[in-house]
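Input: a single structure, listed below in structure tokens.
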Amino acid sequence: MKEFILEMEEYAKDKNVPIIEKDSITFLMKYIKLNNVKNILEIGSAIGYSSILMASVSEDVKVTTIERDEARYMECLKNVKKCNMDKKINVVYQDALEVNLTDQVKYDLIFIDAAKGQYIKFFEKFKYFLAKGGIIVTDNLKFHGYVGSKKPIESKNLRGIVSKIEKYILFLKDNEEFDTKFYDVGDGLSVSVKKEDLK
Ligand code: SAH
Ligand code: MG
């Protein structure tokens, strides 16, 4: 298993697949363990790296992960099979904004890690599937150090992403329904909890 994780890390590096940073996955795995998390929803599977690690925390953990890119979806399926985790990880090949979560499953942890420009939409769509006491974690809030930095950004595309992440951060800070903490871990993480669950 350990070797296979290293293999996935190599693959991601070679093929430029943006997988989660070490400190961030460690943070998530600790949370899962400490809070007995059982049901996880992930938006943005890529090759299954974070799904597989989260699912490996305990026997009880189940992950549903959504990926819209066909090649990555296929790679993710392959990796999940290799780890014998087909029963623990359900990989859905669809745009997360079009997915119909019809079953009544609620999630203890929702991990948002897909298109950075759509974060508010993901949050607004999937917050209804949060179990009582559950959290929404979002990755890449620093976006490789560009968010919150004063250095000028040449690329228009990159500027657009950074500005959308900044909007998302404000959206979380101003949110009446959720209380959010920001962590300077990895590429920047947020943890949002429903305010009524805090009472
Ligand atoms: N969570 C993974 C990395 C995900 S990278 C890990 O840490 O190992 C982000 C992925 O989100 C990309 O593979 C991209 O194709 C996918 N993605 C982006 N927008 C999406 C959307 N709207 N629906 C589903 N997947 C999306
Ligand atoms: Mg990420």
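First listed ligand is number 1; within each ligand, the first listed atom is number 1.
- Residue Asp69 has at least one heavy-atom neighbour below 4.0 Å for each of these atoms of ligand 1: 15 (O).
- Per-residue contacts place Ile20 under 4.0 angstrom from the following atoms of ligand 1 (heavy atoms of the residue considered): 6 (C), 7 (O).
- Under a 4.0 Å criterion applied to the non-hydrogen atoms of Ile19, ligand 1 contributes the atoms 6 (C), 7 (O), 8 (O).
- Below 4.0 Å from some heavy atom of Asp95 lie the following atoms of ligand 1, by number and element: 21 (C), 22 (N), 23 (N).
- The local environment of CD in Glu154 is sparse, with at most 12 non-hydrogen atoms from other residues, nucleotides or ligands closer than 6.0 Å.
- Residue contacts with ligand 1, taken as heavy atom pairs separated by less than 4.0 Å, do not involve Gln118 at all.
- The closest non-hydrogen atom to atom 15 (O) of ligand 1, taken over Arg68, Arg72, Glu67, comes from Glu67.
- Counting only N and O atoms by type, the side chains of Glu9 and Tyr49 include a donor and acceptor under 3.5 Å apart.
- Among Gly48, Ala96, Ala12, Ser50, the residue whose heavy atom lies nearest to atom 2 (C) of ligand 1 is Ser50.
- Listed for the Lys125 side chain is a donor-acceptor partner under 3.5 Å among the backbone atoms of Leu97.
- In terms of modelled atom types and a separation under 3.5 Å, the side chain of Asp187 and the main chain of His144 share a donor-acceptor contact.
- A donor and an acceptor atom, one from each side chain of Thr64 and Glu42, are nowhere located under 3.5 Å apart.
- With a 6.0 Å radius and a threshold of 12 heavy atoms from other residues, nucleotides or ligands, Tyr31 has its OH atom above the threshold.
- With a 4.0 Å heavy-atom cut-off, ligand 1 is reached by the backbone of Ser45 but not by any atom from C-beta on.
- With 3.5 Å as the limit, one finds no donor-acceptor pair spanning the side chains of Lys106 and Asn39.
- Considering both main-chain and side-chain atoms, Ala115 comes within under 3.5 Å of ligand 1 through a nitrogen or oxygen pair.
- Residue-ligand proximity, Gln94 to ligand 1, at heavy-atom distances under 4.0 Å covers atoms 23 (N), 24 (C).
- Because the distance cut-off is set at 2.8 Å, Asn140 qualifies as a neighbour of the Mg ion (ligand 2) through one of its N, O or S atoms.
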Can you check salt bridge (Lys or Arg N to Asp or Glu O under 4.0 Å) on Asp139 and Lys142, steps first, answer last? CA-CA 9 Å; Asp139 191 26; Lys142 292 201 291 187; over 6 Å; no

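- Each of the atoms 1 (N) of ligand 1 lies under 4.0 Å from some heavy atom of Glu42.
- Closest to the Mg ion (ligand 2) among the N, O or S atoms of Asp113 is OD1.
- Using a 4.0 Å heavy-atom cutoff, Asp113 is listed among the residues neighbouring ligand 1.
- Taking Phe171 as the reference, Phe123, Tyr168 meet the ring-ring contact (aromatic ring centres under 6.0 Å, His included) condition, with sequence neighbours excluded.
- In summary, Asp139 places an N/O/S atom under 2.8 Å from the Mg ion (ligand 2), meeting the contact criterion.
- Among Ala114, Ser24, Pro18, the residue whose heavy atom lies nearest to atom 17 (N) of ligand 1 is Ala114.
- The Mg ion (ligand 2) lies at 2.8 Å or more from every N, O or S atom belonging to Glu21.
- Within 6.0 Å of CD on Glu124 lie more than 12 heavy atoms contributed by other residues, nucleotides or ligands.
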